[in-house]
Amino acid sequence: ETGVTQSPTHLIKTRGQQVTLRCSSQSGHNTVSWYQQALGQGPQFIFQYYREEENGRGNFPPRFSGLQFPNYSSELNVNALELDDSALYLCASSLEAWGGSTEAFFGQGTRLTVV
Amino acid sequence: AQSVTQLGSHVSVSEGALVLLRCNYSSSVPPYLFWYVQYPNQGLQLLLKYTTGATLVKGINGFEAEFKKSETSFHLTKPSAHMSDAAEYFCAVSPGAGNMLTFGGGTRLMVKP
């Protein structure tokens, strides 16, 4: 059973650029959630994808967007990067099934620095 | 709407002493409650969770937490701290068993020799 893997581990971008972060779900999981963790804070929920459809979103602007692919891997895209987007971005996968969902497993995260 | 408050951003204990990390929540629906641990430059690892049933929940590494609905609390305890327990701890609430988590601000646990 493979865990949740994220790439890249670290990334430096310039303000105004666009970035794509990637996440491979744990084997058998069909749901992916993304979180932003600013330095010294708790993670904040960005959005969740279930079977390629967004089915929940936190308080983030539209320039944060995502995709989920048929193999349930996922991308987080951020356009027009701002300095405040500098954070650790965490991906979590879980199995959403009839009767409820299972616990979420987190990846190691991608550290994004915007300069 | 859901929210989580963790009292004390930093907690320091001596090795072998009791660990108590506080968490209070608000939720408009019956909550699912979690404690996660984060070591430096790593992701989150689930310590324990409360979904339904027994209100005293035992987790990994000797940690446990008690769900108290009347106090809207889910405090984390460990009878005897170990140096390896030094990390950041996050309490979280969700409407489902593991999705759309709302986290508290975290508590950094320091363990003194």
Side-chain angles (χ1 to χ4, degrees), chain A residues 3-7 9-10 21 23-26 29-51 53-60 68 87-111 113, chain B residues 1-10 21-25 27 29-53 57 59-60 74 76 87-110:
Chain A
V4 179
T5 58
Q6 293 186 241
S7 62
T9 55
H10 294 82
L21 310 182
C23 172
S24 293
S25 304
Q26 182 159 315
H29 285 183
N30 57 16
T31 302
V32 173
S33 303
W34 286 91
Y35 294 82
Q36 180 195 67
Q37 185 180 16
L39 198 62
Q41 298 183 23
Q44 290 194 9
F45 173 69
I46 303 174
F47 45 57
Q48 177 174 288
Y49 278 80
Y50 169 62
R51 294 189 173 184
E53 296 285 333
E54 183 181 299
N55 74 336
R57 190 177 183 93
N59 188 27
F60 280 81
Q68 188 180 30
L88 181 68
Y89 287 85
L90 295 165
C91 168
S93 75
S94 60
L95 176 63
E96 191 77 28
W98 183 256
S101 59
T102 60
E103 70 178 79
F105 290 85
F106 283 81
Q108 299 285 78
T110 293
R111 172 74 63 188
T113 302
Chain B
Q2 300 180 306
S3 67
V4 176
T5 301
Q6 292 183 237
L7 293 175
S9 59
H10 292 78
L21 304 183
R22 299 178 186 274
C23 172
N24 289 88
Y25 70 91
S27 177
V29 297
Y32 289 76
L33 295 160
F34 307 81
W35 275 99
Y36 284 87
V37 62
Q38 186 176 39
Y39 296 98
N41 300 314
Q42 293 192 25
L44 300 171
Q45 180 183 9
L46 182 67
L47 279 176
L48 50 78
K49 62 183 178 183
Y50 168 79
T51 54
T52 59
V57 180
I60 62 172
F74 191 57
L76 181 71
E88 188 90 19
Y89 291 80
F90 293 96
C91 181
V93 63
S94 87
N99 301 325
M100 303 188 205
L101 295 157
T102 299
F103 286 88
T107 297
R108 181 168 298 279
L109 175 66
M110 295 167 284

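None of the values given here were measured: they were computed from a predicted structure.
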Visitor: Using 0.5 Å steps for rounding, measure from the OH atom of B/Tyr32 to the CD atom of A/Glu103.
Guide: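 B/Tyr32 OH to A/Glu103 CD: 13.0 Å, rounded to 0.5 Å.
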
Visitor: What part of B/Leu44 is in contact with chain A, defined as an atom under 4.5 angstrom from a non-hydrogen atom: side chain, backbone, both or neither?
Guide: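 Both parts, backbone and side chain.
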
Visitor: Look at atom CG of A/Leu39 and say whether more than 12 heavy atoms of other residues, nucleotides or ligands are closer to it than 6.0 Å.
Guide: no

Visitor: Keeping to residues at least two apart or across chains, list the salt bridge (charged side-chain N to carboxylate O under 4.0 Å, His left out) pairs with something in residues 100-110 of chain B.
Guide: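 The answer is B/Glu88-B/Arg108.
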
Visitor: Output all residues satisfying ring pair (Phe, Tyr, Trp, His ring centres under 6.0 Å) with B/Tyr39, sequence neighbours left out; order by chain, then residue number.
Guide: none

Visitor: Find the distance between CE (B/Met100) and CG (A/Asn55) and round it off to the nearest 0.5 Å.
Guide: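 Here the interatomic distance stands at 4.5 Å.
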
Visitor: Side chain from CB out, backbone as N, CA, C, O: work out which of these in A/Ile46 comes under 4.5 Å of a heavy atom of chain B, or both, or neither.
Guide: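 Neither part; nothing is under 4.5 Å.
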
Visitor: Would you give the length of the straight line joining atom CG of B/Leu46 to atom CZ of A/Phe106, rounded to the nearest 0.5 angstrom?
Guide: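 The CZ atom of A/Phe106 is 9.0 Å from CG of B/Leu46, to the nearest 0.5 Å.
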
Visitor: Name the region of A/Gln108, side chain, backbone, both or neither, that has any atom closer than 4.5 Å to a heavy atom of chain B.
Guide: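 A/Gln108 touches chain B through backbone and side-chain heavy atoms alike.
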
Visitor: Return the CD to CZ distance between A/Gln37 and B/Phe103, rounded to the nearest 0.5 Å.
Guide: 8.0 Å

